[in-house]
Chemist: 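Submitted below is the structure of interest, expressed as structure tokens.
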Amino acid sequence: MKEPALQRIFYGALALLGLCALGVGLAKAGWSGVAFALFAFMTLGGAVMCIWERSVVRSAFALMATFTGVAGLFVLLEADFLAMAQILIYVGGILALLLFAVMLTPPDLNERKLSRLAAGALFVGAGALYLGLKITDTAHWFVRGAPLDGNVAASGSAERIGVGFLAAGPYQTSAGTELGYVVAFELAAIVLTVALVAAVYIARRKPSDLQPEEKAG
Amino acid sequence: MMSLAFDPATDFKLLLAVPAIPLVGYVLQIFLRKRLPHGDKLLTLGMFVVMCLTVYLGAKGLHAAYAGERFFHHSSEAGLEFGWLYSTGTVPAAQNLVMGVLYDPLGAAMLAVVGIVSFCVHLFSIGYVHGDKRYSIFFANISLFTFAMLGLVLADNLLVLFIFWELMGAMSYLLIGHFSHDPGQPFFHRWATWACKKAFLTTRVGDVLLFVGIFILWDKFHTLRFTELWAAAKETVAANGGEFPTWLTWAGLCVFGGTVGKSAQFPLHIWLPDAMAGPTPVSAMIHAATMVAAGVFLLGRMYPLLSPTVLSVVTVVGATTALFAATIGTTCYDLKAVLAYSTISQLGFMVAAVGLGGVVAGMFHMTTHAFFKACLFLSAGSVIHGCHHVQDMRLMGGLRKKMPITFACMLICTLAIAGVPYFAGFFSKDEVIKAGFLKILDRRTFDGWSLYALLALSLAAALTAFYMFRLIFLTFYGEYRGNQKQHRFSAMLAAEGVEGPDPNEHAAHDDHGAAHGAHDDHGHAHAQDHGHAHGDEHGHAAHGHAAHGHAAHGHAAHGHAAHGHAKHAPAPKVAHVVHAEKHDEHGGHAEHHAHEPHESPLVMTVALMILGLLGIFGGHFWLTEPQNVFNAHPWFEKLVTPTTLYGEEIASWCAPEPVGEAAVEHFEHLEHAAHLDALIVSSIVAGTGILLAILFYLVWPGIPGRIVAFLGQAYTAVRRKYYIDELVDATVLKLTWKLTYFQKWIDENVIDGLVKTVGALNKFLGVFAALFDKIVIDGAVNAVALASQVFGAAFRLVQTGRIQQYAAFAVGGAVLTAAWLILA
Amino acid sequence: MGLGAYVAVSGALFALGLIAILVRRNVIYILMGIEMILNAANINFVAFNRFGSMKLDGQMFAIFTIILAAAEAAVALAIVLNVFYLFDSIKPSEADLLRE
Amino acid sequence: MTEHLLSWITFLPLIGMGLIFFVPSTNTALVKTIALIATGIPFLLATWLYFGLFSKTTGELQFVERVDWISGIQAQYYIGIDGLSLPLVWLSTLLLFIGVPASFGIEKSQKAYYALLMLLEVGINGVFVSQDYFLFYVFWEVMLLPMYFLIGIWGGPRREYAAIKFFLYTLAGSVLMLVAVVALRIDMGGIEGMQAPFSIPEMMAKAKAGLLTGAHLPFGGTLLGMQFTTWVFWFLFIGFAIKVPIVPFHTWLPDAHVEAPTPISVILAGILLKLGGYGMIRACFPIVPSAFHEFAYVLGVIGVVSIVYGAFVALGQTDFKRMVAYSSVSHMGYVLLGLAAMTTWGTTGAALQMFNHGTSAAVLFLVVGVIYDRAHHRDLNGFGGLSQIMPKYWALTTLGFFAALGLPGLAGFVAEAMTLLGAYESALPGMKTLVLISVIGIVITAAFLLYAMQRVFLGKLNPKYAGYKDMTPRELLCQAPFLFLCVALGIFPFFLTDVMRASIDQWMATMGG
């Protein structure tokens with residue numbers, strides 16, 4: 001099949017699916033359902049596009065949609081700080097890094113194989129679907145919070161997270177006892193520092209230092 | 001003067017010394033052979049002691065028998081018992097295997113026979129094997145064999161008997177293979193190489209059957225001691241309403257299977273002719289006098305356990321073997337082959353005798369046969385020795401004057417085997433025939449099998465007389481043919497090509513075991529040519545018959561052989577008649593092939609003479625009552641009767657004595673009639689056979705050729721031993737090889753496949769792996785590896801070093817785990 | 001929308017991430033796939049946090065994950081560059097020195 | 001000293017190993033001396049134990065040492081021997097001791113070689129004396145590693161393949177075993193008042209009392225429709241069967257043997273295979289007797305298949321060592337058949353067969369080693385007529401072959417006869433048929449050995465090999481003890497059976513058979 005035709009079919013199908021999702025969301029839970037459907041569609045559609053696209057650059061941009069969608073979902077889940085962090089770090093940081101990598105390596109437009117794609121999708125999809133169905137069959141969620149119905153929680157999560165990060169032990173708040181996360185915070189800081197230093201170190205090695213033996217000989 | 005009463009305290013020690021002497025001799029010979037320059041003579045001396053001991057102890061048995069006492073001793077009388085599997089006394093006897101020595105009339109007789117024969121063979125070997133490269137090993141092995149045979153005779157227990165039985169098999173293997181280590185004798189070298197294996201494996205088939213019989217008996221009776229087995233069998237049968245239970249019949253058949261293997265009965269007889277690849281003393285000792293008789297001995301030991309069905313089978317097999325081997329015997333030209341088939345035939349007599357109910361007759365024939373057949377073989381060895389290792393009777397003739405002692409001994413024993421009155425074989429063969437008559441004359445015991453057996457045995461007896469005298473006439477009468485007409489006989493032999501089994505052909509069967517169509521053509525060429533060659537045996541020139549196959553080859557040999565340089569003759573088969581190395585000791589070279597045959601040295605002829613004497617008097621010492629010889633009661637029948645063998649109870653159960661006056665009278669009448677009939681029949685058949693031989697080979701020498709021509713293909717079939725070797729090759733061996741290669745194939749492919757299934761679990765674990773690898777070029781290689789290598793390959797498949805594949809496995813595994821967790 | 005919907009989205013995203021890892025033969029796609037998977041995990045964390053205890057554990061985990069993802073991305077890209085130098089290719093199938 | 005005799009026997013080689021590490025690798029003579037001493041002393045101690053100290057009248061464990069080891073999981077250092085393990089301990093110390101001089105021909109990094117050999121001995125003896133399942137497992141794994149290196153470094157051309165195959169196979173078995181052991185431990189841990197949940201004798205006792213049914217496991221006594229005991233039985237059985245090896249888990253054996261250097265083949269065939277059989281007797285069947293009784297017939301069938309199939313496949317081989325390897329498969333089938341019979345003779349026969357096969361297989365592999373050292377190939381069809389130039393070699397080989405084919409008067413026969421007689425009288429239905437089938441194996445075994453004999457030793461001498469020297473005194477001395485054992489135990493089997501008797505009686509009582 002010709003590439004443009006495939007492309008058209010793919011995006012057509014994707015758009016159709018998106019519309020369906022929105023419709024279902026609306027029917028199920030009104031406008032909040034639409035919001036959810038929108039973000040979910042952004043997330044998943046972005047991922048699908050990312051896998052589908054031949055060009056790495058386009059894939060990377062598709063991934064941006066995914067990250068944004070996830071951020072949206074975070075918002076719906078009343079985790080606004082996380083949503084911000086998501087956009088800042090993922091969209092702003094990681095994606096930029098990815099694009100750098102893309103630019104530093106040569107493009108290979110013939111690397112995508114539809115057969116592999118189909119096989120992978122089939123098997124993973126089958127497995128996921130199977131497990132998903134099994135889980136929905138058997139799992140019992142212990143849901144304590146109320147379903148989201150437009151009532152945004154009173155206190156923003158950014159503040160709670162900030163306080164939590166700096167507390168060394170359990171402390172009392174209006175919502176009850178919260179735990180202190182300062183150790184995790186410190187740890188994260190150290191990991192990040194070490195990782196970045198290491199990344200810089202690895203990346204700056206001369207290629208000649210890393211020649212494998214058989215190529216050197 | 002020592003007392004002839006049996007004293008358990010001392011005599012059992014002597015009995016233990018009997019097998020111990022050759023055993024010690026063996027050990028000394030093996031470990032000290034370089035430091036014992038006269039080990040052979042020492043051993044022979046030891047065997048002399050053994051002979052004296054056995055004869056002395058046997059005389060005690062005779063003494064008791066003539067005094068009318070029952071002579072039946074077990075070493076437990078002297079407190080000599082030996083727990084074998086566990087040490088003595090630690091566990092109950094029913095869980096252990098307690099060995100002892102059983103010294104009963106049959107054992108006494110057999111022990112003496114073995115002692116005498118083995119001494120003679122040792123003595124003979126000093127002369128015969130002299131100069132052989134592996135002289136001391138030969139003596140060591142033959143001593144160990146003697147040990148095994150003596151042990152077998154003394155065994156009180158079926159498993160111990162089996163142990164010695166197998167040990168004899170192994171020694172037989174080593175001794176048949178004697179020449180397989182000696183390239184100096186090309187023909188025997190090649191023949192022995194596979195003949196020893198054939199002998200061992202063929203007998204092992206029988207051994208395994210015997211082993212199975214032992215399983216059954218042990219399972220049911222939890223004892224293997226003969227005396228207890230007899231009693232147990234009697235009880236079992238009594239408890240079963242007088243009928244033998246089926247399992248006992250099976251056990252009997254299995255035990256008989258052992259006999260079939262060891263005593264070379266049809267259809268497992270095929271190993272015995274090939275066992276002639278061993279040195280002649282070995283043939284005399286193992287393959288004529290003792291080891292092959294062990295099968296008959298076993299039947300004697302197990303007789304009360306044999307059900308009527310088994311006895312019918314025994315009868316038929318024995319009679320068939322006797323007749324069938326005798327027919328083959330009439331067509332052989334190899335001196336030893338004739339004797340080998342004669343042995344098979346005589347063993348058939350013994351087996352049939354047991355089957356006909358004449359267990360004493362069978363044992364008696366075994367005893368006398370041991371004497372005269374050993375003598376015949378040793379005489380043949382003497383002839384072969386004198387003729388410089390020529391075995392073909394067509395290359396002999398006229399040896400009467402050159403080897404008078406050998407001739408005399410051989411003639412005596414031929415008369416004995418032919419069943420001529422006054423000679424040992426007459427008495428025993430007469431008994432065998434009588435057993436047959438006894439069975440068919442009585443209406444209650446008559447059956448068709450017995451009639452068949454009787455006819456077959458009579459015919460076989462006639463044939464025996466015929467082929468034995470044929471042997472005598474071909475070898476000792478007429479002109480010496482090994483000399484002046486060397487070239488012609490070389491050519492003839494080459495044309496013949498089938499004297500003795502053809503080593504090439506058999507080796508080929510053996511080595512490849514698979515299809516061998518080409519060889520069959522080969523065989524046919526031989527067989528057809530043979531008929532022509534046969535007609536020439538009395539000095540007619542070989543006319544243009546030699547048209548095909550090897551015959552043409554033979555003519556090629558002709559030109560060379562005419563110069564007397566047999567060594568240079570291109571036909572390899574000629575070489576076997578010439579034993580190049582042997583000539584050196586006679587001061588000549590290989591080219592001096594044509595020099596005169598000579599009498600053997602004294603060590604050899606003394607052995608012949610001892611056995612020759614026994615060939616006359618071994619059956620019955622008739623000098624005491626020469627006039628009454630036809631109504632004689634030979635020593636053996638005094639010594640061994642069912643009663644003395646198995647005891648009153650068992651004997652009367654096995655062969656019920658007539659009760660009541662009329663019955664007794666009837667029985668006596670019957671016995672008398674049978675005796676008379678047997679006498680007449682055996683005299684007639686022996687006479688006929690001898691007469692025919694005289695007519696064919698002395699008076700009208702042209703007749704055999706004509707008969708052969710008349711018989712045509714039928715003769716060929718007999719000449720080729722009824723194609724049984726070929727049949728075995730084409731069925732049993734082929735099947736075995738098919739099975740072998742099939743299973744090997746399974747091992748290399750299917751079990752790999754099984755591990756592939758294990759790998760398939762792996763595969764299932766990583767369904768993607770297989771899929772991706774199809775796309776990756778490496779996949780093909782990996783698939784091959786998967787198929788050919790086993791577990792490793794399946795795992796190696798995983799070890800691609802590719803992260804994506806690892807990821808795939810991880811995912812697959814996770815899915816599976818999750819699925820399992822949810823399902824469980 | 002209830003918890004189930006979020007979990008479903010998360011699961012789907014996870015599966016897509018797996019597909020990305022498995023089917024594309026470019027190291028960068030593997031990275032992208034990993035990011036998707038991490039995001040899927042994050043959605044789960046936050047969703048369960050929201051519908052569960054209403055405490056901060058889930059969000060804290062998610063933050064931690066994001067931080068680690070950033071670190072991972074940095075290191076991974078460095079590695080990718082090195083792989084490219086080494087093998088002149090960024091196909092993961094050719095970087096199989098581990099097999100030896 | 002006698003109260004810690006077993007520990008000394010087990011761990012003395014470890015001291016030797018430590019010493020070897022301190023010897024400079026150039027001083028190979030000293031390395032060999034240390035190795036000889038470090039294996040020789042345990043052998044002497046084991047001999048003393050066998051002939052002097054051990055009491056034949058009791059079936060209980062003797063020379064027991066028992067201290068707490070890992071308190072967290074209640075594993076103990078619990079060792080001891082009875083009549084079943086003592087002969088094997090003795091055989092293993094002998095084999096390893098002989099293995100040292102048999103290895104003198106090895107040139108490659110000798111220091112490491114002998115060090116690994118020492119470690120191997122520790123593992124093997126440890127398995128034989130352990131009475132604690134955890135300890136047992138640890139020793140089991142300890143043994144695996146040096147073997148992997150010994151094959152993988154000092155082996156033939158395809159050594160890496162063979163080594164990894166051996167390793168993976170055995171590891172697969174170990175994993176199954178580990179699962180079973182953990183399950184057993186958990187179940188035992190749930191029994192009231194249990195102090196030593198890893199102890200094998202305790203497990204046997206509890207199993208006999210019917211308490212070891214998996215009731216204390218999270219899923220209860222049944223898993224996927226199968227009894228807990230059944231699971232444990234098959235996991236353990238397969239774990240040990242791979243080691244034995246039993247058809248169809250045998251395919252690692254020919255490869256491992258073909259590639260391993262001669263002394264390692266000897267040790268592998270002589271004692272490592274016995275670990276599988278020993279494991280079944282000690283640590284599998286009596287722990288789950290109910291499952292054993294349920295599947296005894298299946299085991300018999302597997303045993304018979306091994307016997308017959310192994311013999312047939314051996315007949316088809318052209319590689320001398322492969323042939324001998326398959327003969328091991330065939331011979332070890334008797335062990336399973338004898339055990340499945342559940343009679344005193346059958347069990348004794350199986351135990352005897354393990355010992356006797358240890359000696360005869362050692363001889364056979366040494367025989368192959370002799371010719372391989374000279375010709376550097378093992379193709380059966382490539383030789384011929386060697387008896388003419390190497391009469392001693394031929395004589396010893398003949399004796400070894402006869403011992404292997406079960407000639408009466410030699411050791412193999414006693415074991416075969418007891419096994420088959422014991423199996424034939426078994427109460428298990430169908431066992432008789434199995435025995436009748438298995439006797440085919442006897443004939444075929446004779447066939448392949450004699451066929452090999454014919455091809456290698458008899459017939460025409462291959463002129464290529466005419467210059468070969470007969471066996472050297474070192475080679476002779478390596479074979480002599482095993483041949484001596486073959487003959488001596490063939491004539492006087494009660495040297496073994498008397499020692500085993502009480503233990504086997506007790507074992508049978510435990511099994512309730």
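Chain letters run A, B, ... following the sequence lines, proteins first, then strands; residues in each count from 1. Predicted model, so just to flag it, every value in this text is computed and none were measured.
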Chemist: Please state whether the side chain, the backbone, both or neither of B/F742 comes within less than 4.5 Å of a heavy atom of chain D.
Modeler: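 Neither part.
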Chemist: Could you check whether any side-chain heavy atom of B/Y173 comes within less than 4.5 Å of a side-chain heavy atom of D/F402, counting everything from C-beta outward?
Modeler: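 Yes, at least one pair of side-chain atoms sits under 4.5 Å.
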Chemist: Side chain, backbone, both or neither: which part of B/I216 has an atom under 4.5 Å from a heavy atom of chain D?
Modeler: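 Contact with chain D involves both backbone and side-chain atoms of B/I216.
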Chemist: Under a 4.0 Å N-O cut-off, is there an ion pair linking B/E166 with B/R204?
Modeler: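 B/R204 and B/E166: salt-bridged.
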Chemist: So which part of D/L405 gets closer than 4.5 Å to some heavy atom of chain B, the side chain, the backbone, both or neither?
Modeler: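 Contact with chain B is through both the backbone and side chain of D/L405.
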Chemist: Any residues in residues 383-391 of chain D near chain B, with a heavy-atom distance under 4.5 Å, and which are they?
Modeler: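 Hits under 4.5 Å: D/S387, D/Q388.
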Chemist: Rounded to the nearest 0.5 Å, what separation is found between the CG atom of B/D219 and the CD1 atom of B/I214?
Modeler: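 Going from CG on B/D219 over to CD1 on B/I214, the span is 13.5 Å.
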Chemist: Is it the side chain or the backbone of D/M500 that comes within 4.5 Å of chain B heavy atoms, both, or neither?
Modeler: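 Neither part.
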Chemist: Are a donor atom and an acceptor atom from the side chains of B/N96 and B/W84 found within less than 3.5 Å of each other?
Modeler: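 No.
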Chemist: Which region of B/D207, side chain (C-beta onward) or backbone (N, CA, C, O), has a non-hydrogen atom less than 4.5 Å from a non-hydrogen atom of chain D, or is it both or neither?
Modeler: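 Neither part; nothing is under 4.5 Å.
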Chemist: Side-chain donor-acceptor pair under 3.5 Å between D/H250 and B/D747, yes or no?
Modeler: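 Yes, B/D747 and D/H250 have a side-chain donor paired with an acceptor closer than 3.5 Å.
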Chemist: Which bit of D/A423 is near chain B, if near means a heavy-atom gap under 4.5 Å: side chain, backbone, both or neither?
Modeler: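 Nothing of D/A423, per the 4.5 Å heavy-atom cut-off to chain B.
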Chemist: Is chain B contacted by the side chain of D/T398, its backbone, both, or neither, given a heavy-atom distance below 4.5 Å?
Modeler: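 Just the side chain, heavy atoms under 4.5 Å.
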Chemist: Which answer fits D/Y309, side chain, backbone, both or neither, if we ask what part of it has an atom under 4.5 Å from a heavy atom of chain B?
Modeler: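 When you check distances to chain B, atoms from both the backbone and side chain of D/Y309 fall under 4.5 Å.
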Chemist: Side chain, backbone, both or neither: which part of D/K56 has a non-hydrogen atom closer than 4.5 Å to chain B?
Modeler: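 Contact with chain B is absent: no heavy atom of D/K56 under 4.5 Å.
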Chemist: Please identify, among D/T348, D/I442, D/L496, D/L410, the residue contributing the most non-hydrogen atom pairs under 4.5 Å to chain B.
Modeler: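 Top count of heavy-atom pairs under 4.5 Å with chain B: D/I442.
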Chemist: Is any side-chain heavy atom of D/T445 less than 4.5 Å from a side-chain heavy atom of D/S330?
Modeler: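 D/T445 vs D/S330: side chains touch.
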Chemist: Contact part of D/Y326 toward chain B, heavy-atom cut-off under 4.5 Å: side chain, backbone, both or neither?
Modeler: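 Just the side chain, heavy atoms under 4.5 Å.
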Chemist: Could you tell me if B/W218 and D/E425 have a donor-acceptor pair between their side chains, going purely by distance under 3.5 Å?
Modeler: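 Yes, B/W218 and D/E425 have a side-chain donor paired with an acceptor closer than 3.5 Å.
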Chemist: Under 3.5 Å, is there a donor-acceptor pair linking the side chains of B/S87 and D/D498?
Modeler: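 Judged by distance alone, the side chains do pair up.
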Chemist: Name the region of D/T57, side chain, backbone, both or neither, that has any atom closer than 4.5 Å to a heavy atom of chain B.
Modeler: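 Contact with chain B is absent: no heavy atom of D/T57 under 4.5 Å.
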Chemist: Shortest non-hydrogen contact from D/K460 to B/H189?
Modeler: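 Looks like N-NE2, 3.6 Å.
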Chemist: With respect to chain D, which residue among B/F215, B/F82, B/F164 yields the maximal number of heavy-atom pairs within a distance under 4.5 Å?
Modeler: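 Between B/F215, B/F82, B/F164, the count favours B/F215.
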Chemist: Between B/F179 and chain D, which part of the residue has a heavy atom less than 4.5 Å away: side chain, backbone, both or neither?
Modeler: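 Neither part.
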Chemist: I'd like to know if the side chain of D/T251 pairs up with that of D/Y169 as donor and acceptor (distance under 3.5 Å, no hydrogens or angles considered).
Modeler: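 A pair is found: one side chain offers a donor N or O, the other an acceptor, under 3.5 Å apart.
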Chemist: Whether D/K392 and D/D470 form a salt bridge (side-chain N of Lys/Arg under 4.0 Å from carboxylate O of Asp/Glu) is what I want to check.
Modeler: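 No.
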Chemist: Under 4.5 Å from any heavy atom of chain B, what part of D/W252 do you find: side chain, backbone, both or neither?
Modeler: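 Answer is neither: D/W252 stays 4.5 Å or more from chain B.
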Chemist: Go through the steps for B/L97 and B/Y86 under the test side chain to side chain contact (heavy atoms under 4.5 Å, CB included), then give the verdict.
Modeler: CA-CA 8 Å; B/L97 193 86; B/Y86 300 99; over 6 Å; no
Chemist: Sort D/L421 into side chain, backbone, both or neither according to what part of it lies under 4.5 angstrom from a heavy atom of chain B.
Modeler: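 Contact with chain B is through both the backbone and side chain of D/L421.
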Chemist: Any idea which of D/F457, D/F492, D/W394 has the most non-hydrogen atom pairs under 4.5 angstrom with chain B?
Modeler: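 If we count pairs closer than 4.5 Å to chain B, D/W394 comes out on top.
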Chemist: At a heavy-atom separation under 4.5 Å, does B/I30 approach chain D through its side chain, its backbone, both, or neither?
Modeler: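 Neither; nothing under 4.5 Å.
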Chemist: Please determine, among B/L167, B/V208, B/V205, the option with the most heavy-atom pairs under 4.5 Å with chain D.
Modeler: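 Looking at each option in turn, the highest pair count goes to B/V208.
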Chemist: Select, from D/L461, D/V313, D/L450, the one with the greatest count of heavy-atom pairs under 4.5 Å involving chain B.
Modeler: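 Top option by heavy-atom pairs under 4.5 Å: D/L450.
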